[in-house]
*Asks:* 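Sharing a structure, written as structure tokens. Questions coming.
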Amino acid sequence: MKRVAILISGGGSNMMALVRAMEGDFPARPALVLSNDETAGGLQKAAALGIATAVVDHRPYGKDRAAFEAAIQQQLQSAEIDIVCLAGFMRILTDGFTRQWEGRMLNIHPSLLPEFKGLHTHERAIAAGVPTHGCTVHLVTAALDDGPILGQARVDVAADDTPETLAQKVLVQEHRLYPAVLRRFAEGDMRPVFLA
Ligand code: GAR
């Protein structure tokens, strides 16, 4: 049984989708929910479910990202984590940290990568006039929103979609995709999951 840490910065709806999936015959269990922001709504939701939580505030570390990540690494090690899932974790990670977790750290991104890396993906998808948008789960490498794709789910963009309505439609798919990918990944199966 793989031990999973979920790293969040906000509401944690993807974290909750992962946690809800990790029961019964699922090959992984949530061992830690960690946030860089003590006000992240997801922390309380996780704690209410009896999951261990931790806060590593990035602010006292200033520009010293390596020291911030060393503090995260300590938490991950003491929780004996096998797999890290980034789920709305809004800090950019250094090469050193991503190398430490190479092949064992996943991220969910709200676009069909390699399209729309970075922020404001829904606004940019609408501005570009793409007919289809969606979300991607990928292995984390040193390059931002890069790395081998483990799964994607697609969403049709309607003519009257706003960034908000599109974000909501994509989020519904994120909640389906991330657990499906994690299940396969935790079983050691690297074939990507494509959801319609
Ligand atoms: C999700 O849409 C996730 O894809 C996105 O943040 C949201 C977090 O929502 N992640 C990124 O933009 C990463 N660059 P949640 O806290 O409700 O899961």
Side-chain angles (χ1 to χ4, degrees), residues 4-22 30 32-49 51 53-56 58 65 68-69 72 83-94 97-98 101 105-128 130 132-155 157 161-182 185 192-195:
V4 175
I6 307 169
L7 272 52
I8 64 170
S9 297
S13 70
N14 276 290
M15 176 276 294
M16 288 297 287
L18 289 171
V19 164
R20 288 200 182 101
M22 282 190 257
L32 180 67
V33 171
L34 183 149
S35 179
N36 63 301
D37 180 350
E38 67 177 2
T39 69
L43 285 171
Q44 283 186 9
K45 295 176 198 160
L49 294 173
I51 299 164
T53 63
V55 176
V56 179
H58 60 280
R65 287 196 289 154
F68 166 62
E69 290 168 350
I72 293 177
I83 298 171
V84 175
C85 289
L86 305 180
F89 186 68
M90 304 308 272
R91 307 304 302 170
I92 291 179
L93 299 166
T94 65
F97 188 80
T98 55
W101 286 94
M105 180 156 62
L106 280 53
N107 180 45
I108 188 151
H109 181 76
S111 78
L112 294 173
L113 290 173
E115 296 297 319
F116 310 120
K117 296 179 181 183
L119 298 175
H120 311 301
T121 57
H122 309 303
E123 268 157 273
R124 287 157 59 209
I126 288 174
V130 294
T132 311
H133 185 47
C135 51
T136 302
V137 177
H138 64 97
L139 278 169
V140 177
T141 57
L144 183 70
D145 298 330
D146 209 69
I149 288 174
L150 296 177
Q152 288 187 317
R154 306 173 85 79
V155 163
V157 183
D161 262 327
T162 64
E164 292 72 31
T165 61
L166 192 53
Q168 192 48 44
K169 289 199 290 195
V170 171
L171 200 57
V172 170
Q173 296 307 315
E174 292 185 42
H175 298 164
R176 293 175 64 217
L177 180 68
Y178 214 168
V181 170
L182 179 61
F185 182 77
V193 176
F194 292 107
L195 301 182

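Order of listing sets the numbers, starting from 1, for every ligand and every atom in it. Values below: every heavy atom of this structure, side chains too, minus hydrogens, waters and symmetry copies. The structure presented is a predicted model; accordingly, all values stated were derived computationally and were not measured.
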*Asks:* What do you reckon, does E174 have a nitrogen or oxygen under 3.5 Å from a nitrogen or oxygen of ligand 1?
*Replies:* yes

*Asks:* Are C135 and V155 close enough that some pair of their side-chain heavy atoms sits under 4.5 Å apart?
*Replies:* no

*Asks:* Could you establish whether M16 and ligand 1 come within less than 4.0 Å of each other, counting only heavy atoms on the residue side?
*Replies:* no

*Asks:* So do the side chains of F97 and I72 get within less than 4.5 Å of each other, counting heavy atoms only?
*Replies:* yes

*Asks:* Return the residue, atom name and 0.1 Å-rounded distance of the protein heavy atom closest to atom 15 (P) of ligand 1.
*Replies:* S13 N, 3.4 Å

*Asks:* Taking the six-membered ring for Trp, are the ring centroids of H133 and H122 within less than 6.0 Å of each other?
*Replies:* yes

*Asks:* May I ask you to check whether N14 has an N/O atom sitting below 3.5 Å from an N/O atom of ligand 1?
*Replies:* yes

*Asks:* May I ask you to list the atoms of ligand 1 that are less than 4.0 angstrom from any heavy atom of G11?
*Replies:* 16 (O)

*Asks:* Quick one, D37 with T39, criterion side-chain hydrogen bond (donor to acceptor under 3.5 Å, both in side chains). Give me CA distance, side-chain angles, the key distance, then yes/no.
*Replies:* CA-CA 5 Å; D37 180 350; T39 69; 2.8 Å; yes

*Asks:* Return the closest protein heavy atom for atom 16 (O) of ligand 1 as residue, atom name and distance.
*Replies:* G12 N, 2.8 Å

*Asks:* Could you tell me which atoms of ligand 1, counted from 1 in the order shown, lie closer than 4.0 angstrom to a heavy atom of G88?
*Replies:* 6 (O), 8 (C), 10 (N)

*Asks:* Show me which atoms of ligand 1 lie under 4.0 Å from any heavy atom of M90.
*Replies:* 11 (C), 12 (O), 13 (C)

*Asks:* For A47, give me all partners under side-chain contact (heavy atoms from CB on, under 4.5 Å), at least two apart in sequence or on another chain.
*Replies:* T53

*Asks:* Given L171, I108, V137, I6, identify the one with the heavy atom nearest to atom 10 (N) of ligand 1.
*Replies:* I108

*Asks:* Nearest protein heavy-atom contact for atom 14 (N) of ligand 1: which residue, which atom, what distance?
*Replies:* H109 ND1, 4.0 Å

*Asks:* Measure the CG-CD distance between L166 and E164 for me, rounded to the nearest 0.5 Å.
*Replies:* 9.5 Å

*Asks:* Of all the non-hydrogen atoms in the protein, which one sits nearest to atom 11 (C) of ligand 1, and at what distance?
*Replies:* P110 CD, 3.7 Å

*Asks:* Does any donor atom in the side chain of T121 or H109 lie under 3.5 Å from an acceptor atom in the other side chain?
*Replies:* no

*Asks:* For residues 85-93, which side-chain N or O atoms pair as donor and acceptor with protein atoms under 3.5 Å away, sequence neighbours left out?
*Replies:*
{"residue": "R91", "atom": "NH1", "partner": "H58", "partner atom": "NE2", "Å": "3.3"}

